[in-house]
Amino acid sequence: MTTYVLVPGAWHGAWTFAPLARQLRAHGHQAYPLTLTGVGDRRHLLTATVNLDTHIDDVANLLTDEEITDAVLVGHSYGGMVITGAADRVPGRVAGLVYVDAVVPAHGDSCWSLVTDRERAWYLDGAGETGYTSAPLPFFDARATPHPLASLLQSIRLDGGLDRFRGLDYVHATDWDGESPFTALYERLRDDPAWRTHALASGHNVMRDAPDELLTILLAAGRD
């Protein structure tokens, strides 16, 4: 049995991973789809102090409180920042990481620094209303909620590298509407023997557009 912790991207809650979590459980695994602090059904906790460290704590505290020692952390988009930070904070509780069309930060990187000007403009949309939130885009699911802007701007602090973890997977979505900000990253990781890379004919919302293919990748990651 493998324990999967599923971390959504910005503006989204655990519901993005709920169908996939049900399928993982049907295969005999544990699955925890998370809603990060300040978003989704935890939007009542959104304040100016919620940042990337808060979200890393969300995952690291779950791993510690549930005494999980074999986790496969799965992060979509911005969630790549979160799973990287959580794995660095409690490396003994993590077996592998799966980045689903996501950022893969090094020490000192931020989500802001790793995307293009188009995504940066998205992050700043709606920030003037409160000064500390980023508004969901019009084409998102109606359940999407404002996201803490500080989490998208804060640089990550890491003590070690990803080479400590035995399984590293990167899932690249090839059917973006326009240029993907993750293409260059995918092409670099594709040539790195430490990584397994997967290109899926999917939009950025891989969980919705290619759920069966993503399930297969996650099940294989859990067998490492």
Side-chain angles (χ1 to χ4, degrees), residues 6-13 15-17 20 36 39 51-52 55 73-85 97-128 133-156 158 162 168-218 221:
L6 309 161
V7 181
W11 306 286
H12 291 73
W15 49 267
T16 62
F17 275 112
L20 185 60
L36 299 170
V39 186
N51 59 18
L52 175 60
H55 291 165
L73 304 184
V74 182
H76 177 240
S77 197
Y78 160 74
M81 298 290 299
V82 181
I83 65 171
T84 303
L97 300 101
V98 181
Y99 294 81
V100 182
D101 218 35
V103 292
V104 181
H107 178 75
D109 285 335
S110 65
C111 206
W112 178 272
S113 73
L114 294 175
V115 296
T116 67
D117 286 343
R118 177 183 59 172
E119 286 76 39
R120 294 184 190 113
W122 289 351
Y123 295 166
L124 295 179
D125 184 32
T133 61
S134 175
L137 297 175
F139 54 83
F140 283 168
D141 188 287
R143 290 170 288 182
T145 61
H147 189 89
L149 182 60
S151 70
L152 303 171
L153 304 179
Q154 184 183 0
S155 297
I156 196 167
L158 301 173
L162 294 177
L168 296 171
D169 286 83
Y170 193 87
V171 180
H172 178 52
T174 62
D175 290 351
W176 270 68
D177 182 13
E179 181 182 359
S180 167
F182 305 121
T183 300
L185 170 62
Y186 163 71
E187 291 173 349
R188 174 171 61 83
L189 296 180
R190 187 177 55 191
D191 297 328
D192 186 335
W195 288 79
R196 291 179 298 224
T197 56
H198 318 266
L200 300 184
S202 167
H204 183 50
N205 190 341
V206 181
M207 297 80 71
R208 179 193 64 200
D209 295 348
D212 294 338
E213 295 90 337
L214 183 55
L215 175 64
T216 297
I217 292 167
L218 295 188

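All values below come from the heavy atoms of this structure, side chains included, with hydrogens, waters and symmetry mates left out.
Scanning all heavy atoms of the two residues, the minimum distance from Trp176 to Pro181 falls at CH2-CD, 3.4 Å. Taking both residues in full, the closest heavy atoms of Leu214 and Leu200 are given as N-CD1, 4.4 Å, listed atom of the first, atom of the second, then distance. Of all heavy-atom pairs between His76 and Val100, the closest is CD2-O, 3.1 Å. Across every non-hydrogen atom of Ala106 and Leu158, the tightest pair is C-CD1, 3.8 Å. Contact between Val206 and Ala173 at its shortest, heavy atoms only, is CG2-CB, 4.0 Å. Contact between Gly75 and Ala102 at its shortest, heavy atoms only, is O-CB, 3.5 Å.
For residues 201-210, there are no salt bridge (Lys or Arg N to Asp or Glu O under 4.0 Å) pairs, not counting sequence neighbours. Among residue pairs with one or both ends in residues 108-127, none qualify as ring-ring contact (aromatic ring centres under 6.0 Å, His included); sequence neighbours excluded. Listed by first and then second residue, the salt bridge (Lys or Arg N to Asp or Glu O under 4.0 Å) pairs involving residues 108-121 are Asp117-Arg120 (not counting sequence neighbours). Legend: side-chain hydrogen bond (donor to acceptor under 3.5 Å, both in side chains) pairs involving residues 188-197, not counting sequence neighbours, sorted by first then second residue: Asp169-Arg196, Arg196-Asp224.
Among residues two or more places apart in sequence or in another chain, the side-chain contact (heavy atoms from CB on, under 4.5 Å) test is passed with Ala150 by Asn51. Partners of Thr183 by side-chain contact (heavy atoms from CB on, under 4.5 Å), not counting sequence neighbours, listed by chain and number: His172, Ser180, Glu187. Judged as a ring pair (Phe, Tyr, Trp, His ring centres under 6.0 Å), and not counting sequence neighbours, the contacts of His55 are Tyr78, His147. Shown here are the side-chain contact (heavy atoms from CB on, under 4.5 Å) partners of Ala121, two or more places apart in sequence or in another chain: there are none. Under the ring pair (Phe, Tyr, Trp, His ring centres under 6.0 Å) criterion, His198 pairs with no residue, sequence neighbours left out. Remark: His12 pairs with Trp15, Phe140 by the ring pair (Phe, Tyr, Trp, His ring centres under 6.0 Å) rule, at least two apart or across chains. With sequence neighbours excluded, the residues forming a side-chain contact (heavy atoms from CB on, under 4.5 Å) with Pro146 are Leu46, Thr133, Pro136, listed by chain and number. Considering only residues two or more places apart in sequence or on other chains, Thr84 meets the side chain to side chain donor-acceptor pair (under 3.5 Å) condition with Tyr99.
Separating the OG atom in Ser113 from the CG atom in Leu152 is a distance of 11.5 Å, to the nearest 0.5 Å. Separating the CG atom in Leu97 from the CG atom in Leu73 is a distance of 5.0 Å, to the nearest 0.5 Å. Separating the CG atom in Asp212 from the CD1 atom in Ile217 is a distance of 11.0 Å, to the nearest 0.5 Å.
Side-chain contact check for Ser77 and His204: at least one donor-acceptor pair (N or O, by modelled atom type) lies under 3.5 Å.
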(message) Is there a side-chain hydrogen bond (donor to acceptor under 3.5 Å, both in side chains) between Thr145 and Trp11? Walk through the geometry before answering.
(response) CA-CA 5 Å; Thr145 61; Trp11 306 286; over 6 Å; no
ask   = What do the steps show when you test Tyr170 against Leu185 for side-chain contact (heavy atoms from CB on, under 4.5 Å), and what is the final call?
value = CA-CA 9 Å; Tyr170 193 87; Leu185 170 62; 3.6 Å; yes
Given Ser110 and Gln154, is the side-chain contact (heavy atoms from CB on, under 4.5 Å) satisfied, shown in steps? CA-CA 6 Å; Ser110 65; Gln154 184 183 0; 6.0 Å; no
* Are Val74 and Leu218 close enough, and set up right, to give a side-chain contact (heavy atoms from CB on, under 4.5 Å), and what steps lead you there? -> CA-CA 8 Å; Val74 182; Leu218 295 188; 3.8 Å; yes
With side-chain contact (heavy atoms from CB on, under 4.5 Å) as the criterion, how do Val82 and Leu36 come out once you've worked through the C-alpha distance, each side chain's angles and the decisive distance to 0.1 Å? CA-CA 10 Å; Val82 181; Leu36 299 170; 4.2 Å; yes
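Checked by atom type and distance alone, the side chain of Ser151 never pairs as donor or acceptor with a backbone atom of Leu52 at under 3.5 Å.
With contacts defined as side-chain heavy-atom distances shorter than 4.5 Å, the pair Pro211/Leu20 does not qualify. Residues Val104 and Phe182 fail the side-chain proximity criterion, which asks for heavy atoms closer than 4.5 Å.
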